[in-house]
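Everything on this sheet refers to the single structure shown next.
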Amino acid sequence: MTVRTRFAPSPTGYLHVGGARTALFSWLYARKHGGKFVLRIEDTDLERSTVESVNAILEGMTWLGLEYDEGPFYQTKRFDRYDEVIQGLLDKGLAYRCNCSHERLDKLREEAMKRKRKPRYDGHCRHRGVSPDEPHVIRFRNPETGVVAVDDLIRGRVIFNNEELDDLIIRRTDGSPTYNLTVVVDDLDMAITHVIRGDDHLNNTPRQINILRALDANPPQYGHVPMILGDDGARLSKRHGAVSVMQYREAGFLPEALLNYLVRLGWSHGDQEIFSVDEMIELFDIDAVNKAASSFNTDKLLWLNQHYIKQDDPKRIAHLLSPQMGNLGIDPAQGPDLVAVVEAHQERARSLVEMAEMSAFCYQDFETFDEKAAKKHLRAAAREPLERMREALAGLDEWTQERLHDLVEQVSASLELKMGKVAQPLRVAVVGRAASPGIDVTLYLVGKQACLRRIDKALAYIRQREANAG
RNA sequence: GCUCCCUUCGUCUAGUGGUUAGGACGCUGGCCUCUCACGCCGGUAACAGGGGUUCGAGUCCCCUAGGGAGUACCA
């Protein structure tokens, strides 16, 4: 039997990290077993489903590289099929029409709560033979006794008592089918062998198994993955910052970093932290998924992102960095080769946004000196070194990293100063702050004209300061 | 309320009856060094609580507490 898994989001928002991880686990399981991964859009809630959401979900999956083998299938296009199944259930007496009013249902619920009992439908219409001509819903006739055992791939065996369950609505008054029916029919029709989904569905599973049994079908295997919480342990939501997968792209994360982070959230393979997609496929094991919910930790994601930025081909990083530079109003074509800029910053940035910010100086003059850096390095003592450097740089005909390196060393030596006494003021003069790549690369990337211009500005700053002091 | 699920450092986790409870992120001390970062070496910090079972329990059982999910003509 070939493994077939699926991801079945309802298009009522973007693809969030919890959904992405569920999709990832499902996808990995299919890939690992040489199976198929199906995408199904659960859009039976006509009120809340939107095409924008569908597109956002598709976009997120594409970015992460979670390609599906079949679909997307839309439930709204399968209403005839659901009707057919519902009619079959009705014919066999496994479902019935119900015209209980909302008022009656509300009252029932209220009373059950008052009696400290679980609210459940009392089966009022079970044998009333409600006419098909009047408005009605259709309920599934759930077994009244016995138990349903769910042998969950992650949770182990979970037992539910049928007495706890009630006759759920499978078709609304307007004729549309509901979730618990459509999911069962679809998983059956799409021959899904392993249902890997969020654990908010664990409670639905016994109902779905009962419907499956009514349909004379064998239930698939289930695996309920725990949810993801925010840094503070509360359910992940907008107030935790980025929850949408696409927000992570905007924030300068690499898809492989997010994937690596997500796969390690709730799953592990010994002490290994870094997983390529191929390794994930090879090593992933649904049994090893944790039962407990886990908290999202952006610091660790950042660490992984830095790891992948360091490791990646500078050309690819440059390609991804370009739009981030654009967001800063910089056209990378107007200045040094972006690939060289990337190579200079690859070990320093945790995200592409950071990289864009820290390398902006290569393309544009800064407005003001960093206050602390200027105070410390742009003082009287730096005046001579800067003047000497300016002179040397102005006379340099071959603007290469090697020559620049030699030059800084020569000037330091001739002034009998440590290299830092020259490099630091120079760095602040040229980038506006105290941190940048090696001084030679920094000068090289900034370019001759900008270097001279900015050194002049720094010298003016020092003179101004001396004037104020004196 | 009721049903179901969960509980090892701050966070992600290893651990399947005998470990100085390991790794990673973070934080932190040091080395490297023209700064920052990288890298390297070190430190910090956990078995929710209580009962059992056992020669021995983070590991098995029960209870309590604390989290979470469901309890819709949402999915």
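Everything numeric in this text was worked out from a predicted model, so none of it was measured. We name chains A, B, ... by the order of the sequence lines, and we start the count at 1 in each one.
With values rounded to the nearest 0.5 angstrom, A:Gln208 atom CD is found 12.0 Å from A:Leu188 atom CG.
The distance from atom NE2 of A:His201 to atom C1' of B:rG70 is 11 Å, rounded to the nearest whole Å. At whole-Å resolution of the value, CZ in A:Arg115 and P in B:rU3 are 14 Å apart. If you take CZ of A:Arg157 and C1' of B:rC4, they are 16 Å apart, rounded to a whole angstrom. As rounded to whole Å, 13 Å separates atom C1' of B:rA75 from atom CG of A:Asp186. The NE2-C1' distance, from A:His269 to B:rG23, rounds to 14 Å in whole Å. Atoms CZ (A:Phe296) and P (B:rA24) sit 21 Å apart, rounded to a whole Å. Taking atom CD1 of residue A:Ile159 and atom P of nucleotide B:rU3, one finds them 16 Å apart after rounding to whole Å. Going from atom CE of A:Met355 over to atom P of B:rC36 covers 19 Å, rounded to whole Å.
Pairing for B:rG58 is absent, judged as Watson-Crick or G-U wobble with the two contacts each under 3.5 Å. When Watson-Crick and G-U wobble pairs are counted only if both distances are under 3.5 Å, B:rU7 pairs with B:rA65. Nucleotide B:rA14 has no partner under the Watson-Crick or G-U criteria, as no pair reaches both atom distances under 3.5 Å. Across all strands shown, nothing is found opposite B:rU53 as a Watson-Crick or G-U wobble partner with both distances under 3.5 Å. Under the Watson-Crick or G-U wobble criterion, with both distances below 3.5 Å, B:rA21 has no partner in any strand shown. Nucleotide B:rC31: paired with B:rG39 (Watson-Crick or G-U wobble, both distances less than 3.5 Å).
Of the residues A:Val184, A:Leu94, A:Val85, the one that meets the side chain to side chain contact (heavy atoms under 4.5 Å, CB included) test with A:Ile211 is A:Val184. When the options A:Val185, A:Asp186, A:Ile41 are evaluated for a side chain to side chain contact (heavy atoms under 4.5 Å, CB included) with A:Gln75, the one that passes is A:Asp186.
In this structure, of B:rA24, B:rC38, B:rC73, it is B:rA24 that holds the atom nearest to the side chain of A:Glu273. Comparing B:rU71, B:rU35, B:rC5 against the side chain of A:Arg155 picks out B:rC5 as the nearest. Here the side chain of A:Tyr179 is nearest to one of B:rG1, B:rC12, B:rA75, namely B:rA75. The nucleotide whose nearest atom lies closest to any side-chain atom of A:Ala435 is, among B:rC38, B:rU35, B:rC12, B:rU35. Closest to the side chain of A:Ala423, out of B:rC34, B:rG1, B:rC12, is B:rC34. In the set B:rC34, B:rA69, B:rA75, B:rA75 carries the atom at the smallest distance from any side-chain atom of A:Asp45. The side chain of A:Ser294 approaches B:rC12 more closely than any other nucleotide in the set B:rA75, B:rC12, B:rC5. In this structure, the nucleotide among B:rC12, B:rA75, B:rG1 sitting nearest to the side chain of A:Lys118 is B:rG1.
For a distance-only test at 3.5 Å, the side chain of A:Asp200 fails to qualify as a donor-acceptor partner of the base of B:rA75. Scanning atom types as modelled, one donor and one acceptor separated by under 3.5 angstrom connect the side chain of A:Arg348 and the base of B:rC36. Counting atom types as modelled, A:Gln272 pairs no side-chain N or O with a base atom of B:rG23 as donor and acceptor under 3.5 Å. Side-chain atoms of A:Asn203 and base atoms of B:rA69 include a donor and an acceptor less than 3.5 Å apart.
By the 4.0 Å N-to-carboxylate-O rule, A:Lys118 lies too far from A:Asp166 to be salt-bridged with it. Salt-bridge check for A:Lys291 with A:Asp152: failed, with every basic side-chain N at 4.0 Å or more from each acidic carboxylate O.
Comparing A:Ala349 and A:Asn99 against RNA chain B, the residue whose closest nucleotide sits nearer the 5' end is A:Ala349.
At least one side-chain nitrogen or oxygen of A:Arg109 sits closer than 4.0 Å to the OP1 or OP2 atom of B:rA72. At the phosphate of B:rC12, OP1 or OP2 sits under 4.0 Å from a side-chain N or O atom of A:Ser295. Using a 4.0 Å cut-off, no side-chain N or O of A:Ser268 falls inside it from OP1 or OP2 of B:rG23.
Looking only at atom types and distance, the side chain of A:Tyr444 has no donor-acceptor partner in the side chain of A:His405 under 3.5 Å away. Between the side chains of A:Asp167 and A:Asn142, no donor-acceptor pair of N or O atoms lies under 3.5 Å.
Ring-base stacking between A:His102 and B:rC73 is satisfied, the centre separation being under 5.5 Å and the plane angle under 30°.
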Going by atom type alone, with no hydrogens or angles, which donor-acceptor pairs under 3.5 Å involve a side-chain atom of residues 375-384 of chain A and a protein atom two or more places apart or on another chain?
{"residue": "A:Arg379", "atom": "NH1", "partner": "A:Lys376", "partner atom": "O", "Å": "3.3"}
{"residue": "A:Arg383", "atom": "NE", "partner": "A:Glu387", "partner atom": "OE2", "Å": "3.3"}
{"residue": "A:Arg383", "atom": "NH1", "partner": "A:Glu466", "partner atom": "OE1", "Å": "2.5"}

Check the interface with nucleotides 7-10 of chain B: list each N/O to N/O pair with the protein under 3.5 Å, or write none.
none

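Within the 4.5 Å cutoff, the side chain of A:Arg390 has heavy atoms near those of the A:Leu452 side chain.
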